Every structure is written in structure tokens, then in C-alpha cells.
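One structure below.
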Amino acid sequence: MDAAGKKKPDKGVTPQSTDFSAWYNEVVLRAELADRGPVKGTMVIRPYGYRIWELLQAELDARIKATGHQNAYFPLLIPENHLRREAEHVEGFSPELAVVTIGGGKKLDEPLVVRPTSESIIGEMFSRWISSHRDLPLLLNQWANVVRWELRPRLFLRTTEFLWQEGHTAHTSEDDAMGETMVALRFYEDVARNVAAMPVIPGEKTPGERFAGAARTFTIEAMMRDSRALQAGTSHYMGQNFAKAFDIRYTSDAGAVEYCHTTSWGMSTRMIGGIIMTHGDDKGLVLPPKLAPYQAVVVPIGRADSLEASVREGDALVSRMEAGGIRAHLDRRSVSPGFKFNDWEMRGVPLRLELGPRDLAAGLVTVANRLTGDKDQVPLESVESAVRNLLAEIQDEMLAAATQFQDDRTSSVSDWTTFAARVSSGFALALHCGERACEEQIKVATTATARCVPLSAPAEDGQCVRCGNPAAYGRRVLFGRAY
RNA sequence: CGGGGAGUGGCGCAGUGGUAGCGCACCUGCUUUGGGAGCAGGUGGUCGGGGGUUCGAGUCCCCCCUCCCCGACCA
């Protein structure tokens with residue numbers, strides 16, 4: 001900084017209000033979450049970003065297993081004709097497929113598709129494994145990578161290859177399968193709200209936004225800090241579409257041969273992009289404590305002897321916190337304290353513990369809160385409990401703040417002018433006729449799309465906000481501009 | 001695929017025909033350390049690729065490629 005306070009280049013990040021996209025890209029790169037791969041649309045997830053994914057995975061995996069699902073793994077390569085068996089499914093995915101045509105140096109008789117999702121190969125296997133109602137329900141999940149050729153990639157949000165979890169289940173009845181669809185939707189909601197501190201609106205997709213081949217598609221929609229919507233997880237009831245396409249049949253207890261009802265549901269590394277855009281500020285990332293690779297970082301301060309003393313005490317402090325289940329880290333890099341302060345703020349670490357001669361002399365530690373910016377001193381001996389309490393507080397405050405942000409920008413509207421204005425900087429809850437052509441008109445006029453029909457919306461009848469025809473769905477539809 | 005930008009050291013940029021430069025980062029040394037440290041010295045570039053014009057091209061001409069942003073498609 002010079003006397004005028006002008007920033008040197010390469011210091012902070014572009015403010016959100018100046019250019020949200022630039023802010024996002026810079027934060028992802030500067031916080032070392034990810035980098036671009038040599039092939040367009042590919043992403044290298046760096047250790048700090050991958051750790052967030054691992055923490056998210058652990059939370060999600062525990063919920064998946066707790067509801068009776070088992071993990072398995074299916075192949076990356078799928079015969080092209082498998083994919084073709086479900087007409088809508090192929091049609092939906094064919095534009096974004098990567099296809100392998102050469103193997104072992106020879107042109108393949110039949111091209112192999114790199115999975116864009118695994119409904120088809122899992123359907124194929126389900127048909128082999130299921131023959132009796134006693135085999136049902138079959139509840140599987142896999143953690144995998146998938147490839148969808150993206151025209152306009154963005155780190156985490158839309159990459160050509162991404163990581164996710166895909167659940168696939170088969171049931172005897174529509175009721176069971178629908179119940180399963182909602183179980184999955186509920187644990188996505190739970191993970192988003194209570195782990196990522198991301199308020200979400202669960203609801204059903206309109207027919208125009210439905211997954212290719214699904215009978216019903218459910219989603220959790222979140223609002224980013226630029227007021228745009230992000231689909232953070234989806235759950236599909238496939239009806240008997242895939243069962244018929246892949247011949248997934250069973251003999252019922254009454255002796256009749258029936259088609260199964262199947263489901264699939266997924267949450268991906270896109271969720272990390274959602275976390276960045278839900279909580280981040282102009283100083284960089286702000287991570288919810290439950291997903292922060294480091295929940296507390298100790299920065300030792302001092303010169304020569306006093307630095308050694310700080311490091312020694314910091315080391316002991318980190319050990320105590322780790323023993324107490326807190327993810328803590330001592331920053332021993334030989335750069336200035338000020339640099340470290342900014343660096344850890346960029347990386348979104350919830351709590352920074354500054355430990356210098358002044359603190360040590362008084363038996364204190366300075367605790368800086370990433371969310372509020374507050375700095376307080378706490379006695380060395382009670383750091384562990386203070387940190388634990390602060391982490392819980394920050395987790396709660398982050399959800400509260402994000403909820404407030406979303407609520408402030410979401411409103412029920414019933415006339416077209418108000419709708420257009422609302423949707424330009426938030427979400428509109430409006431009645432809609434349910435016609436695809438009308439949805440399309442809304443998109444053309446406002447760039448907003450129907451995000452979902454929120455499950456929580458009360459029953460309501462009336463006229464479509466745009467065309468005035470009788471409303472469909474029996475409740476309001478959530479509209480917003482989406483990622 | 002449409003519109004708009006940009007390709008020069010790891011990053012950000014300057015360089016309108018005449019010996020490739022600056023800041024940051026990096027390396028070495030010394031001094032430093034409570035909000036992005038200072039000084040000194042140093043390493044590093046087939047200027048996105050190919051062709052052409054010219055005595056001479058980062059610079060002018062032609063072709064191609066890539067990346068970013070905004071739209072259409074999507075977790």
C-alpha cells in the first residue's frame with residue numbers, strides 16, 4: 001500500500017459487487033481449491049479443495065448408509081446401445097457424451113460411452129440380480145466420476161468431468177419408490193442446511209426441467225450471493241421407465257411378473273461451488289466449520305526467542321485441540337504474520353489464533369473470527385472450549401445469515417411487472433399455468449426459469465402470473481435465474 | 001454454435017518494424033516478524049502455432065489453435 005492506500009496488484013480479489021464471476025474464479029484459484037486441467041472443462045481438485053469434498057462425502061455417506069443403502073462400484077465405460085434403450089434418456093444426454101471408439105489400438109466394433117450417469121449400466125445389472133420380490137428393495141449407491149461434455153465450463157459448477165455420488169434403487173411399488181425418492185431428497189436437504197449451512201428449498205421440478213427419462217424429479221435449490229439459483233442435489237422417481245427399458249422384473253408374492261419402480265439421486269462436487277457462493281465475501285472463502293479442512297489455525301508471532309516460545313506454545317495448543325477433535329493447524333511458514341492473516345482469510349478458515357509475546361505474557365490467545373471479523377482474547381487454558389463454542393456459533397450464524405439473505409430476496413408475486421423485477425435480483429413465488437411454452441416465454445423475457453414447485457408451499461389456486469390461464473400444480477412455483 | 005475480450009518468464013502486464021522489458025512470485029545473503037516486511041544480488045521467455053511481407057517481425061498480412069466473459073444446454 002502506498003500513502004493513498006492504493007492497493008498493489010495481486011493482493012485482494014475482485015469485489016463481488018464489481019464482478020461476481022471474476023470474484024468466484026479468483027477465490028477458487030487463490031484459495032487453492034482447484035485449478036484448470038489441460039483439457040477444456042477439466043478440473044484438478046487440489047488438496048485443500050479435496051479435503052472439503054472428503055468432509056462432505058463423509059457426512060453424506062453416513063446418511064446414505066444409515067438409511068439402508070450399500071456402496072458399490074460400476075464401470076466407467078458403457079456400451080453405447082445400453083444407453084439407447086431408454087429413449088428420452090439418450091436424447092437428453094447424447095449432446096454431452098464422450099465416446100471411445102478405439103481400444104487396444106483397434107477401432108472398436110461398438111463404441112463405448114464414458115458414463116454421463118449410470119442409470120443404464122446399473123439397470124442392466126439390476127435386471128440380472130432381481131427376480132423376486134424378496135430381492136427388493138435393492139438399495140445401492142456409488143461414488144464415482146462422470147463425464148458430460150460441457151460447452152461452458154466453470155470450476156466446480158460445471159466441469160466436463162465431476163465427482164458425485166449416485167444412488168440407484170429398485171422397489172416393488174410406486175409408493176415405496178416415491179418414499180425412497182423423498183428419503184434421498186431429505187438427506188440432501190439435511191446436509192445442505194446442517195453441514196454446509198446452506199439454506200435450500202426442496203421441491204419438484206416442472207415437466208420442462210425434469211431429468212431425462214424420469215417420471216418425477218425433485219431438487220434442492222439454493223440462492224447464491226448474486227441472487228442466482230443453484231441446484232444442489234436431485235432425486236428422481238423413474239416410474240417403470242427404466243425397468244421396462246432394461247427389463248428389471250420380479251415375481252410378486254402373488255406369483256405375477258411385474259416391472260420394478262426405480263429411483264436415482266445425486267449430489268456432486270458442484271456443492272463446493274455452492275458453498276463458495278453462499279458464504280464467501282470480498283476477503284475470500286468463508287467455510288462452514290463442519291466442512292473446514294482447518295477449523296482453527298494458529299499463527300505464531302515474535303522474533304527470535306519469542307518466536308520460538310510462540311511456536312512451542314502453539315504446537316502444544318494444536319495438539320490439545322486435535323485431541324479434542326478440532327481440526328487445528330500451526331502455521332510455521334517463514335512469512336510475515338500479516339501475510340498469514342490474509343492467506344487464511346482467503347482460505348476461509350473459521351478461527352485464527354494469534355499467539356505472540358503479548359499474549360503469552362498475559363497467558364492469553366487472540367482469537368480472530370473469520371465470519372464476524374471480531375478479535376478477542378481468551379485464556380490459554382480455556383482455548384479448547386472457547387474454540388468449540390465459537391465454531392458452533394459460527395456454524396449457526398452462517399446458516400442464519402444465508403437464510404436471511406435468501407428470505408430478503410424471495411417473495412410471492414402475482415402480477416407480471418413485479419415478477420420481472422423480483423426475478424432480476426432474487427426468487428419469485430408465483431402461480432403458473434404449467435404450460436411449457438409459457439415457461440419458455442418467461443425465460444425469454446426475464447432469463448428466469450422455474451426452479452421447482454416447493455414442497456412447503458401451501459395449496460393455492462388462481463391465475464398464471466404471465467398468461468392469466470388457470471394455475472397448475474395447486475401451489476406456487478419458485479422462479480429465479482439459475483446457474 | 002452466436003456475441004465480446006485475451007494469448008509475451010510461474011502470475012499480472014508494458015512493448016506500433018531495429019539487441020525482449022517491468023511488477024509480483026522464485027533463489028541466495030543480511031536485517032526483519034501483532035494486518036500482505038526491507039535492502040542487495042541472482043535464476044527464468046522457441047513472444048499460442050504455421051505460413052507470408054521485409055535487410056530485419058512480439059509488432060504488418062493470411063490461416064489455424066486455445067483460454068476467459070455474456071447467451072442457448074446441463075449436477
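By convention in this document, chain letters (A, B, ...) are assigned in the order of the sequence lines, proteins followed by strands, and residues within each chain are numbered from 1. What you see is a predicted model; the values in this text were computed from it and never measured.
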What contact category does [X] fall into here, base, sugar-phosphate, or nothing, at under 4.0 angstrom with non-hydrogen atoms?
X	value
A/G266	nothing
A/T366	base
A/D19	nothing
A/Q231	sugar-phosphate
A/L157	base
A/T219	nothing

From [atom1] of [X] over to [atom2] of [N], roughly how many Å is that when rounded to an integer?
X	N	atom1	atom2	answer
A/F93	B/rA75	CZ	C1'	9 Å
A/L29	B/rC67	CG	C1'	13 Å
A/N342	B/rG34	CG	P	12 Å
A/M198	B/rA75	CE	P	16 Å
A/E161	B/rC74	CD	P	21 Å
A/R158	B/rC68	CZ	C1'	13 Å
A/Y24	B/rC70	OH	C1'	18 Å
A/H236	B/rC74	NE2	P	12 Å

Look at [X] and [N] and indicate whether a side-chain polar atom (N or O) is within less than 4.0 Å of OP1 or OP2.
X	N	answer
A/S21	B/rC70	yes
A/R303	B/rU33	yes
A/S336	B/rA37	yes
A/R36	B/rC68	yes
A/K443	B/rC73	yes

Give a yes/no verdict on base stacking between B/rA37 and A/F339: centres under 5.5 Å, planes within less than 30° of parallel.
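A stacking contact does not exist, since A/F339 is not both close and nearly parallel to the base ring of B/rA37.
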Could you check whether the rings of A/W416 and A/F419 sit parallel, tilted or perpendicular, using 30° and 60° as the cut-offs?
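The rings of A/W416 and A/F419 lie parallel, inter-plane angle below 30°.
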The side chain of [X] is closest to which nucleotide in this list: [options]?
X	options	result
A/R352	B/rG35, B/rC74, B/rG34	B/rG35
A/S268	B/rA75, B/rG35, B/rC69	B/rA75
A/E345	B/rG35, B/rG34, B/rA75	B/rG35
A/E150	B/rC69, B/rG35, B/rA75	B/rA75
A/E96	B/rG36, B/rC74, B/rA75	B/rC74

Those residues that, when tested against A/E88, pass side-chain contact (heavy atoms from CB on, under 4.5 Å) (two or more places apart):
A/E86
Is there a side-chain contact between A/L76 and A/N145, using heavy atoms and a 4.5 Å cut-off?
yes
Do A/V183 and A/R186 have side chains that approach each other closer than 4.5 Å (heavy atoms only, starting at C-beta)?
yes
Between the base of B/rG35 and the side chain of A/K375, is there a donor-acceptor distance below 3.5 Å?
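Present.
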Look up atom CZ in A/R115 and atom CD1 in A/I78, then write down how far apart they are to the nearest 0.5 Å.
7.5 Å
Rounded to the nearest 0.5 Å, what's the gap from CH2 on A/W23 to CZ on A/R225? Could you check?
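Going from the CH2 atom of A/W23 to the CZ atom of A/R225 covers 8.0 Å.
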[atom1] spacing across the pair [N] / [M], given as an integer number of angstrom:
N	M	atom1	answer
B/rG2	B/rA72	C1'	9 Å
B/rG7	B/rG50	C1'	16 Å
B/rG23	B/rG58	P	23 Å
B/rG36	B/rU16	C1'	37 Å
B/rG9	B/rG44	P	15 Å
B/rG45	B/rG10	P	8 Å
B/rC65	B/rG29	P	49 Å
B/rU59	B/rU8	P	14 Å

Given that A/R481 and A/D343 both sit by RNA chain B, which one's nearest nucleotide is further toward the 5' end?
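Closer to the 5' end of RNA chain B: A/D343.
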Both A/G373 and A/T160 contact RNA chain B. Taking the nearest nucleotide for each, which residue is further toward the 5' end?
A/G373
Lys/Arg-Asp/Glu bridge criterion (N-O < 4.0 Å) met for A/E124, A/R85
yes
Using Watson-Crick or G-U wobble pairs with both distances under 3.5 Å, give me RNA chain B in dot-bracket, 5' to 3', with [ ] for crossers and | for pairs to another strand.
((((((((.[[[[.)..(..]]]].((((((.....)))))).....[[[[[..)....]]]]])))))))....
Residue list, ring pair (Phe, Tyr, Trp, His ring centres under 6.0 Å) with A/H89, at least two apart or on another chain
A/F93, A/F211, A/F242
Which atom of A/C433 lies closest to which atom of A/C467, heavy atoms considered
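Here A/C433 and A/C467 meet closest at SG-SG, 3.7 Å.
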Please answer whether the main-chain N or O of A/A197 pairs with a side-chain N or O of A/H279 as donor and acceptor at a distance below 3.5 Å.
yes
